[in-house]
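Predicted model only: the values in this text are computed from it and were never measured.
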2 protein chains.
Amino acid sequence: MANSASGEGVAERIVRVLETFGVDRTVQTASEIGRRAGLPSSTAHRLVDELVRAGILERDDERRLRLGLRLWELAQRGSTALRLRQAALPHMERVQAELREHTQLAVLEREEALFLERLSHPEAVSNITRVAGRLPLHASSSGLVLLAHADPALRERVLGSPLRAVGPGTVTDARALRRLLGEIRRTGFAAAPGSIEAVSTGVAVPLRDRGSVIAALSAVLPRDAPIAPALRALREAAAGIEAGLRAARED
Amino acid sequence: MANSASGEGVAERIVRVLETFGVDRTVQTASEIGRRAGLPSSTAHRLVDELVRAGILERDDERRLRLGLRLWELAQRGSTALRLRQAALPHMERVQAELREHTQLAVLEREEALFLERLSHPEAVSNITRVAGRLPLHASSSGLVLLAHADPALRERVLGSPLRAVGPGTVTDARALRRLLGEIRRTGFAAAPGSIEAVSTGVAVPLRDRGSVIAALSAVLPRDAPIAPALRALREAAAGIEAGLRAARED
DNA sequence: CGCCAATTCCCGTTGAACGGGAATCAATCT
DNA sequence: AGATTGATTCCCGTTCAACGGGAATTGGCG
């Protein structure tokens, strides 16, 4: 028999299992995983056992499952994300210290904004993004910057799909969004008041490497705060990071 | 046929493939991977293709392979490491700002010290550790702290195995190491001058959760610097992190 | 004890994975 | 231009590891 369910490979199935874990669901029983991944119970148990043996999953004291440290370790190695994060971190710290607000780094992944890093500030306004969290491209300042500089085909795809509102200020009209993206390209930054939460405004600038935009650097400000100082700090940091990336290439 | 090589499962084989990537080897051809993982060429290509389809590996412009962002994303979710890192990061930043030296966070994984986080300071002395890097337990201040508080069986295993010198000051004598570990338990910190590089001294303190040591927090100082200020800063940070972990449990 | 869910064990079936080998493509050298 | 080396793709017969249904077992919990 072997894999009668559908024409998918083992790796895909493993990813499905890993995807049953989430920011909100970090430990589960084998049966839960099986149910969520759509696997027969006995199959789920066998597969989970194998993943534990391989170090991809770990069992805690109660024999419940969580993602293994080994997976994290493997993922860190050599990922492009890591290099970018390493180059960006010191500059992000400076921005965070200066602004006293959350500072974030995001990249485009599978038509969404994926947050690579987030330095939170205890006194700053609330903000839902997390490391390894995702947001739709049209619903955050970082996403807007990424979308504005993305491949035109992707941009049209997003503009043509329904634009879900995340916060009260999310731009959900395709025509307005298209105009906004043009403006972001022209001015070199995005401001998204209330696009996620009513109380906050995101400000983001693009980060370039070899000419093309590879990430967005952003800060989360209180709704009514002036954006000029944040923008200056972010731009300065972006320039520093870009210089770092250029220098790193010269090794 | 199916997997004639040996009695290992698919997951183990996939991990072997992922392990061929390293900090120093982040992109490879499919054939390279196959050779290093001990797979026949055609098998390697098929497997790699599947991993790319699953998003675990990515192809760059030249069709060479690198670890995928999706893997990183999955790994971040829900790992214990992430929670610890998140709790520790702000305190580490404070230590780094105060000492102006590298600050690191390490845990015990498979009989080695695995570095979860590292804040580097541009003006500080060189230091070879990296995020997701590993060092033998006896060869770094962090490792010594972890070893001193590790399960006695593991400790004996390490003491009984050959102790490779990494730097000029690495303790390689089992008897001396045993005495040193006792002292670390007594004093509550480890100082390791030159254990990795001649020019630097590592200072590390344990990080406890529910009574047992789960990680080590360390700083890298110039060889002749006084360790007292660093020790004070590290201890203060450790206390703060431990309080944070306790508070997080109350949710 | 009775109930429910998780887990483990058993086992007959079978097709997906395997890998040897040859062909193709792409650089690089002579 | 022809030869060489290595990566990649394609083909295909073999086969056994994976599969999953089902039953038995464990373990809380009221």
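Here the shortest heavy-atom pairing between A/Ala139 and A/Val166 reads CB-CG2, 3.6 Å. Closest approach of B/Arg164 to B/Thr172, counting heavy atoms only: C-CG2, 4.1 Å. In this structure, A/Ile196 and A/Ser140 approach most closely via the heavy-atom pair CD1-CB, 3.7 Å. A/Pro90 and A/Gln86 get closest at one heavy-atom pair: CD-O, 3.4 Å.
As a whole-Å value, the separation of A/Glu50 CD from D/dG20 P is 14 Å. Rounded to whole Å, the distance from CG on B/Asp49 to C1' on D/dT8 is 9 Å. In this structure, CZ of B/Arg13 is placed 5 Å from P of C/dC18, rounded to the nearest angstrom. Whole-Å rounding puts the A/Arg53 CZ to D/dA17 C1' distance at 12 Å. B/Arg64 has its CZ atom 17 Å from the P atom of C/dA26, to the nearest Å. For A/Arg63 and C/dT8, the CZ to C1' distance is 10 Å, given to the nearest whole Å. Nucleotide C/dT7 holds its P atom 14 Å from the CG atom of A/Leu47, rounded to whole Å. For B/Glu62 and C/dC25, the CD to C1' distance is 16 Å, given to the nearest whole Å.
With distances taken from any side-chain atom of A/Pro40 to the nucleotides D/dG20, C/dG20, D/dT8, the minimum falls on D/dG20. Looking at the side chain of B/Ser41, the nearest of the listed nucleotides D/dT8, C/dT8, D/dA18 is D/dT8.
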Review item, nucleotides 3-7 of chain D N/O atoms under 3.5 Å of protein N/O:
residue	atom	partner	partner atom	Å
D/dA7	OP1	B/Arg35	NH2	2.7
D/dA7	OP2	B/Arg35	NH2	3.1

Atom pairs under 3.5 Å, N or O on each side, protein against nucleotides 22-30 of chain D: can you list them with distances?
none

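Distances shown here put a side-chain N or O of A/Arg46 below 4.0 Å from the OP1 or OP2 atom of D/dC19.
At a threshold of 4.5 Å between non-hydrogen side-chain atoms, the residues A/Val205 and A/Val145 do not count as touching.
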Please tabulate, for the side chains in residues 107-117 of chain B, all donor-acceptor contacts under 3.5 angstrom to protein atoms that are two or more places apart in sequence or on a different chain.
residue	atom	partner	partner atom	Å
B/Glu109	OE1	B/Arg134	NH2	2.6
B/Glu111	OE2	B/Arg157	NE	2.9
B/Glu111	OE2	B/Arg157	NH2	2.7
B/Glu112	OE1	B/Arg134	NH1	3.1
B/Glu117	OE1	A/Arg85	NH2	3.1
B/Glu117	OE2	A/Arg85	NH2	2.7
B/Glu117	OE2	B/Arg85	NE	2.7
B/Glu117	OE2	B/Arg85	NH2	3.4

List the atom pairs, donor and acceptor, that lie under 3.5 Å between side-chain atoms in residues 31-40 of chain A and the rest of the protein, sequence neighbours left out.
residue	atom	partner	partner atom	Å
A/Glu32	OE1	A/Thr29	N	2.8
A/Arg36	NE	A/Gln28	OE1	3.0
A/Arg36	NH2	A/Gln28	OE1	3.4

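With sequence neighbours excluded, the residues that form a side-chain hydrogen bond (donor to acceptor under 3.5 Å, both in side chains) with A/Arg59 are A/Asp49. In this view, B/Arg185 satisfies the side-chain hydrogen bond (donor to acceptor under 3.5 Å, both in side chains) rule with no residue, not counting sequence neighbours.
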